[in-house]
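This structure is a prediction, so every number in the text was calculated from the model and none was measured. Numbered from 1 within each chain, the chains take letters A, B, ... in sequence-line order.
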Protein chains: 2
Amino acid sequence: MQRGTFQFMKSLNRSIILNRIRLEGPISRAQIAKDTKLTPPTVSSIVKELIDSGLIKESIQGESQGGRKPTMLVINEKSFYVIGLDAGPKDIKTILTDLNGGVHHFSEKALSLPVTADELLKMMKSEIQGLLDQYKEEEDKIIGIGVAMHGVVDVDRGISLYAPNLDLRNIPIKEELETTFNLPVKVENDAKAIALGEVWFGSGSGAASVVAVNVGSGIGAGIVINGQLFHGEHFIAGEIGHMTIDIGGKQCSCGNYGCLQTLAAGPAIAEKAKKEVAIGKESRLTELSGGNLENISGRLIHKAAMEGDQLSRDILHSAGIYLGIGLINLIHLLNPERIIIGGGVANAGEILLDAVKETIAKMALTERAKQTDIRLSGLGNKATAIGAVSLLLSELFSIQ
Amino acid sequence: MQRGTFQFMKSLNRSIILNRIRLEGPISRAQIAKDTKLTPPTVSSIVKELIDSGLIKESIQGESQGGRKPTMLVINEKSFYVIGLDAGPKDIKTILTDLNGGVHHFSEKALSLPVTADELLKMMKSEIQGLLDQYKEEEDKIIGIGVAMHGVVDVDRGISLYAPNLDLRNIPIKEELETTFNLPVKVENDAKAIALGEVWFGSGSGAASVVAVNVGSGIGAGIVINGQLFHGEHFIAGEIGHMTIDIGGKQCSCGNYGCLQTLAAGPAIAEKAKKEVAIGKESRLTELSGGNLENISGRLIHKAAMEGDQLSRDILHSAGIYLGIGLINLIHLLNPERIIIGGGVANAGEILLDAVKETIAKMALTERAKQTDIRLSGLGNKATAIGAVSLLLSELFSIQ
DNA sequence: CAAGTTAATTTAATTAATTAACATATAGTA
DNA sequence: TACTATATGTTAATTAATTAAATTAACTTG
């Protein structure tokens, strides 16, 4: 329970000013004072401290508004760097960004499966060490390491509680990495990290409440409300992949029936296409797969759809409708300002998006809900790694 | 964007202390200081102001812990009163409570349907005026009026945007009542008000995140996170009645198919029972309904179930399973600490609750989610009116 | 009844925002 | 070119609140 102290008061104002500069910069002290209703001296004094800390810097003089020219303030983006790890089930992606999310390094390293917890940790460490070796100059500017992983993550203790796709449990990531590198480490579920990343550097910017839906081999979502990730009581908030939308539907890997991901995730789409092709339905997929049904994947269906293949378009369209129904349920429950669709299947782009939007416009209860802002992710294959980075930035920029 | 000011700092501490006394009282100043990490002088000075304002008072001396006896502080419950209105689709319930939620007056007045917005407002005013006349002594202790109404409510402007069961739109409740009675007025959706009421005075006490589900002729939910109602972007958060859980199911009044409320709400249950009885299924309902199928209602089914009628028990059980599936979807999305089930159908009590719990224990993804705390409401037919009251109390006790 | 302990208040110091006054820089204008 | 108005930003004094230290109060225990 945060109590009112001078420290807290100051930290609050510091955070307000810092975020103002990040989101509105270049911006003058005077403008910040007007926007935030803080007084000019308060702004000046905090700005001085922020400059001393290196987080911001003075840039050009702005245009005069009929008086003295304002000195514009901007984030001093090269003053600090953050390492982000996307410890996916297939590979580890490592990123190094500055304070503005500028990517200075990005690499992928395949995991040789199956992998033990120790092997995974070892690999994460070696990737980080490699990065540190490569960026010796900036080493003491690195403020921390963010790790995004699928499954259930205890963010307070920084433990991966359960990573189903790797069949691992209770990996003490935070503890291991912090002792090895002596840097603060944040661990988060991948969908949640992505959501934060979208709010910081992607399609989520400027919205008060954002749900980022990640559609890949499963479906997950991250919920960001007023800049804060929403975790729920035991970290599983946003697990929409196993939302029942068709009681009488197919059985899911979780044991239940008619889960959203049995209808709209990558494997479900591929499965449906395989069936259709197998029974002789005409499609570009037959050719593209080289006659081998097992080559049909979400990616291939997307490719075929872009080439105009009707079967693929139909399959993506119907997946979009199912996803739309799942999102309607989400809208009625959470009513977010914006929903962002990302992940592998989202590469299907407009075909999928249009179906989702149509469904929502048709089925949502209120006029304003029908018009919920639905967008595609713009972060591509770096989304998760950038999300991991934003875990640390969000702390740096928030109330300390 | 709340900035850090002395006022804010103090208001924050005031709220912390006041709520501590409400939830933990009788409690001494020293104990508050220990619990909250505020310093003794800060506590003393704020307590003095709270006593002066009338909100709290000193009560008995506590037991000595080996030194001076502590002076216990409690809410001065009779210092202020609040009016609550449950402007339901069938009647208006009016309540007067003190600061501890003690009910000093409760009355119901039937609505003669159909009703226009003006008639509804007139009736609300006459009910309030009647209450004020009856409690002339306490009149200047009344701090405000809370109104709970079904449908979509714009809480910022205090307008009922759409009340489907009365077929009314855009009723300016706050404006009308504030000018008439010169008292602050808060308007809220009924399910949301109930949720807040449960947190303040019902089964929701002590939980960090609570979802209160109201099952009646429809199904609605209110979400309370850290004591704050969650509204979403345009006030529809918690509308779980139209959650699609059976794509291939029956059409709902909203036009979509397989909405939760076509499977678990009062009318759906009654419909199912009627059908079964009509085709000659043996049941106590035949007798209880006096041979007239139209007399079969949720209430009657509940009665029959309590008398051991197997058909009724089966129907309630399966409604519980459907509700459980809806709540699974909710748990996976919001992951609340506690879920409270209330409303007409919830009178079916343990039969329904057991089915819900079984379903959740069976279908939820994680061990901890399976064990989500599910309870029945304890506020009975006053739940909504008490919820309306808590709208004002929550403001009085929060940061100003 | 003295010593120790807990509770609550008083006094002084400290923190950080705010207010008021002032310095600085520029545009517009006579 | 000098003057005025205005916007930007800083300095010094003031204010509001917490915090730390000291004090008073009230009680228990040996």
Side-chain angles (χ1 to χ4, degrees), chain A residues 1-18 20-21 24-53 56-74 399-400, chain B residues 1-17 20-21 24-52 56-74 399-400:
Chain A
M1 188 178 19
Q2 178 59 57
R3 62 191 201 280
T5 63
F6 293 101
Q7 262 190 39
F8 174 67
M9 178 162 64
K10 185 163 191 185
S11 177
L12 180 56
N13 290 335
R14 186 197 93 113
S15 172
I16 289 171
I17 291 172
L18 187 52
R20 200 89 206 159
I21 295 170
E24 309 288 330
I27 185 172
S28 70
R29 294 168 176 80
Q31 192 59 46
I32 293 172
K34 274 178 207 146
D35 292 350
T36 61
K37 291 186 179 159
L38 290 164
T39 59
T42 300
V43 174
S44 276
S45 110
I46 290 176
V47 160
K48 183 177 288 174
E49 289 185 27
L50 287 172
I51 290 175
D52 288 347
S53 79
I56 64 169
K57 63 183 176 191
E58 294 187 333
S59 68
I60 46 152
Q61 303 284 100
E63 287 296 295
S64 165
Q65 305 296 308
R68 174 174 173 177
K69 281 185 184 168
T71 307
M72 306 310 257
L73 303 165
V74 293
I399 302 161
Q400 308 279 299
Chain B
M1 189 178 18
Q2 178 60 58
R3 64 192 200 280
T5 63
F6 294 104
Q7 264 187 36
F8 173 66
M9 179 163 60
K10 186 168 187 180
S11 178
L12 179 57
N13 290 336
R14 188 198 91 111
S15 173
I16 289 171
I17 292 172
R20 201 87 206 160
I21 294 170
E24 309 287 330
I27 186 173
S28 70
R29 292 167 176 82
Q31 192 60 47
I32 293 172
K34 273 178 209 148
D35 293 349
T36 61
K37 291 185 180 161
L38 291 164
T39 56
T42 300
V43 174
S44 275
S45 105
I46 289 177
V47 160
K48 184 178 285 176
E49 288 184 29
L50 287 172
I51 290 175
D52 288 347
I56 64 169
K57 64 183 178 190
E58 295 187 332
S59 68
I60 46 152
Q61 303 285 99
E63 287 295 294
S64 165
Q65 306 294 310
R68 178 174 171 175
K69 282 183 184 168
T71 307
M72 306 310 258
L73 303 164
V74 293
I399 302 161
Q400 307 280 298

What's the spacing between B:Arg20 CZ and A:Met1 CE if we round to 0.5 Å? 5.0 Å
Distance check, rounded to the nearest 0.5 Å: A:Asn13 atom CG versus A:Ile399 atom CD1? 9.5 Å
Angle of first-five versus last-five pair axes in the helix from C:dC1-D:dG30 to C:dA30-D:dT1, to 10 degrees: 10°
Quick tally for nucleotides 5-16 of chain D: nucleotides whose base has a protein heavy atom under 4.0 Å get B, sugar-phosphate-only ones S, the rest -, giving -BBBSBB----B
Do the side chains of B:Arg3 and A:Leu12 get nearer than 4.5 Å, heavy atoms only?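 The answer is no, as the side chains (C-beta and beyond) never meet within the 4.5 Å cut-off.
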Within-4.5 Å side-chain heavy-atom neighbours: A:Glu58 and A:Arg29: yes
Heavy atoms under 4.0 Å, any strand shown: does [X] hit a base, just sugar-phosphate, or nothing?
X       : result
B:Ser64 : sugar-phosphate
B:Thr39 : base
B:Arg3  : sugar-phosphate

Where B:Ser28 and B:Met72 come nearest, the two heavy atoms and their spacing: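 Taking every non-hydrogen atom into account, N-SD, 3.9 Å.
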If you take all heavy atoms of B:Ile51 and B:Leu73, which pair is closest and at what distance? CD1-CD2, 4.4 Å
Just wondering, are more than 12 heavy atoms of other shown residues or ligands nearer than 6.0 Å to CD in A:Gln7? no
Check whether any side-chain N or O of A:Thr36 sits under 3.5 Å from a backbone N or O of A:Ile32 as a donor-acceptor pair, and report yes or no.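 Side chain of A:Thr36 to backbone of A:Ile32, a donor-acceptor pair under 3.5 Å: yes, one is there.
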Rounding to an integer number of Å, can you tell me how far A:Lys37 NZ sits from C:dT19 C1'?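 In whole Å, C:dT19 C1' lies 18 Å from A:Lys37 NZ.
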